[in-house]
Amino acid sequence: MPTDHASTSPGPQRAATDSDGPEPDGPDSDGPEPTGADVFTATVHELTQRAPAIVAAAAAELGAISLALHFGDGTAGALSAHRSRLIAAAHSPASADVEVYFDARAMNLIFDLASRPIDEVLPGSLDVRGPRDQVLAVWRAMRLLSQRAAGLRAVQELWRSYRDASPHLWGKPPGATNNVIDGTAADGWAAPRDTGWRALDFFDHRQPTGDRPLVGGTVASAPRSLWDGTRATGWWLPEPVADADLVDVMTACRDRVRREMNRLIPDRQPKSSLYELIRAYPTRQGKGLRPTLTLAACAAFGGRPDDAVRVAAALELFHNGFLIHDDIADESTHRRGRPTLHTEHGVGLAVNAGDGINLLAVDAVLSNLETLGLARTLGLIHEVLHMCRETVEGQAIELEWIRRATVPRSDQAYYRMSTKKTGWYTCISPCRLGAVCAGESGPALDVFNEAFRWIGIAFQIQDDVLNLIGEEALYGKEPLGDLLEGKRTVMLIHLMRTADDRDRARLAELLARPRQGRAQEDAAEILAAMQHYGSIDYAIDLADRLARRGTQRFERDLRAVPENEGKALLRQIANYVTTRPL
Amino acid sequence: MLPNLGPVGPFPDAPLGDHLERRWLHYAFRSPSGDVSVIANLSTLGSSGPAAVGQSMSILLVHDREAGWHSSQFNASVTPRAWSSFGASKSPSRMRISSPTHGPSVDLRLTRTGRPCTSQCAPFGLDQHLRWQSEPGIRATGVTAASGGDERPVRLVGYHERVRGRWGWPDLGGWVFGFVNDTPAPSGPPAYSVVFTLITPRDNADAATGSVMLWRSGRLVRHFPRRRIDVAVSGSLSRDDVHVLPPLAATLGTAPTAEVPARLVIVAQTGDDRLCIDVDARTAGRIVNSSELGLAPFSVHEVLGPAVVTGHVGGRQLGFTAGAVVEFAGGAHAD
């Protein structure tokens, strides 16, 4: 079962999808006037969290090219790609392959929110200086960042506030001198929110519908033009798939599923020793990766996301039940900054609460009979049983390693254990369950297996890395929970494989100690050895390679699934692993 | 080469030459409260051959807020004959449309209150075209009855048009059409009426034909040409609010069609004149028309919902909210 940030130390614990590093300085109406470099850096930061697929695609276009960015307000920035990540900085780089100048005209053409994003960054609209092949690569990357990112509400807000604060950088919008707004001639600058004599702009600014309409809490439908005076699109043609805002959608999915979980937990006796414990546990939920996968997979296969909410809630209940038992098995004292259930209420009540949650989860799966019918419900039961079997098998493998104080020699052994212990129920099964809710069965469900197997392993390796180095960077603490527990991670496997005989013997002695006999100093010694032998860098690199393998399998195996917003969301999640800051 | 636009004259009293030549009369009315809506289309399709006899089809839709959509098949009967304001001096003012069996019926006294626009024409394909002439502000007083229901006295205001042309549904592509009449005084024309049309042929995305027209007190006061209008949609009407019509279509395994937009915004501007129409779709009746040139049917969605019209035309501000009828039609090549 996944550790899911269990630890042996109190204090703030990072969530699975937390971003790393301090917040960049974004445009803030209460602070100093934002600079172009600030807003560009903030845009990349937002995109990394909200639209990883765009970032990964832009990083692939950039490759090894480094950019120096010059803005109309005199500030400078830097942009480069590292693996699938974009590294943006609000200062001038020491050297750069390509220079990009954002003058007022470029701002209007690329990020002008008074009109819709143009389809192409037209030749001449962006001043890029450098070798020809690199300039073209920069063009393609900038087109991705500007056009597709401009569709995200969070990015729009960033640039709108920047434009409002610095209108002199933008030049006059087309036709601004003749623009009449509510009987008043708007000579000069026209902020985008004050225009509205374009139909799409009307939707966006004059009469916004409020939040974008959510279909079942997963997918958003953006306004689209049928005729702009020059080009027509049939109203009946499929809408272009919009890039989902991963943060917003995951929050919506998590909250929707949490409501369903609360509905499923009965309000009856015994409360204090059972149901209150069960009801309190979901409040420790993460950011909603599993619910989002389930609902998005359902939408990707043409189902109604609402049909998948109940099984997504069941999955979360199973997860909670497993975590309670997992904490007991691993002797964890804290989870997400709070005492584990058995620490707070004793092992007996905790085991019982875990059993109770699992029973509620079974009940929740069965309750799909009324809404999805017998065939799909049987399919769900089959999938859930398979998921549970894989999970307990994976847990057994790892506990056996720890009990026998052995560390596998090969990464493949870790892949197998990780896939069973966490891969199935964190990534693969949520997708398969969502597809079952949409009416799929049999081999069609296997399209998720390989892609999300690699993505799941990469995700777990990254979690393990963050457990070692992330919290230290963020909180200045060294809980090193995994090392205290003796968790068999890729770093540990690599360390035992590469350490010399003397170090390996010392490490084996440390690992052979019982959990209570391992002190913080011992864990620090293991960490130091990992750093010495490059095990952490190896794990980061391995996770990146596995994540890219997963995204490639995603594109290949899900090619037959039509491009829709459910699939777009799955793609964002798949790419999240590749762009996750480490 | 210029397209062949058919016989000389906008709406010639000439036989329909072949199986793609068509003409129709269209009627759409709503009660000021929006409780009752009536839509009817009386069409004739040409035929080839020495003994060619055109094929006539008529369909009547009645929407009642309580009882929902009711429709005849394509066999509604019209007595004593079809009324049209385009031949007002000769036409009777009373028209009864009814289903042969158990369908809806209307018995209405029709009156024009204004003047029509000049005819407009959309050429597309190699030799196809659709020509139409619109007149809003038509009053209809009488009774309506849903399927098997009691007759209900109504006072409606609406729209009438005549169409003639030569086209096949796949080449035509689709259209967005609609009208809004400001709530009228007890007699006389509505203070304002708006009619909009956007015809988007399958090929040539830049060859759309469209217009937005504004009537004031029964007179056409502004015509915004196609380059000066801007059309956008948002969201989707729930499929539970889209009703497949006529009744026979539901029994024939009719393929699903595209989702109907939930909101339509049309903006028109010429010089200092500006007009904005914002329609919020509430319910739709999908009329499934068979296509003479393919298996996929051509669907006309008759959409009902409130509309907000605002603008600044001829130095006057205008603004009103009223019920709209909008058609989202298309899908013959892509259902």
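Chain A is the first sequence line, chain B the second, and so forth, proteins listed ahead of strands; every chain is numbered from 1.
Taking B/R202 as the reference, B/D171 meet the salt bridge (Lys or Arg N to Asp or Glu O under 4.0 Å) condition, with sequence neighbours excluded.
Heavy atoms of B/L198 lying under 4.5 Å from chain A belong exclusively to its side chain. Contact annotation for B/R227: both backbone and side-chain heavy atoms come within less than 4.5 Å of a heavy atom of chain A. Neither the backbone nor the side chain of B/A262 comes within contact range of chain A, judged by heavy atoms closer than 4.5 Å.
Taking the side chain as every heavy atom from C-beta outward, A/W236 and B/E259 never approach each other to under 4.5 Å. Within the 4.5 Å cutoff, no side-chain heavy atoms of B/D206 are placed close to those of A/T230.
Summarising the geometry, atom OG1 belonging to B/T200 is positioned 12.5 Å from atom CZ belonging to A/R231; distances are rounded to the nearest 0.5 Å.
Note on residues 318-328 of chain B: pairs passing side chain to side chain donor-acceptor pair (under 3.5 Å), not counting sequence neighbours, are B/H26-B/E327, B/W175-B/E327.
Across B/V260 and A/W235, no two heavy atoms sit closer than the pair CA-CZ3, 4.4 Å.
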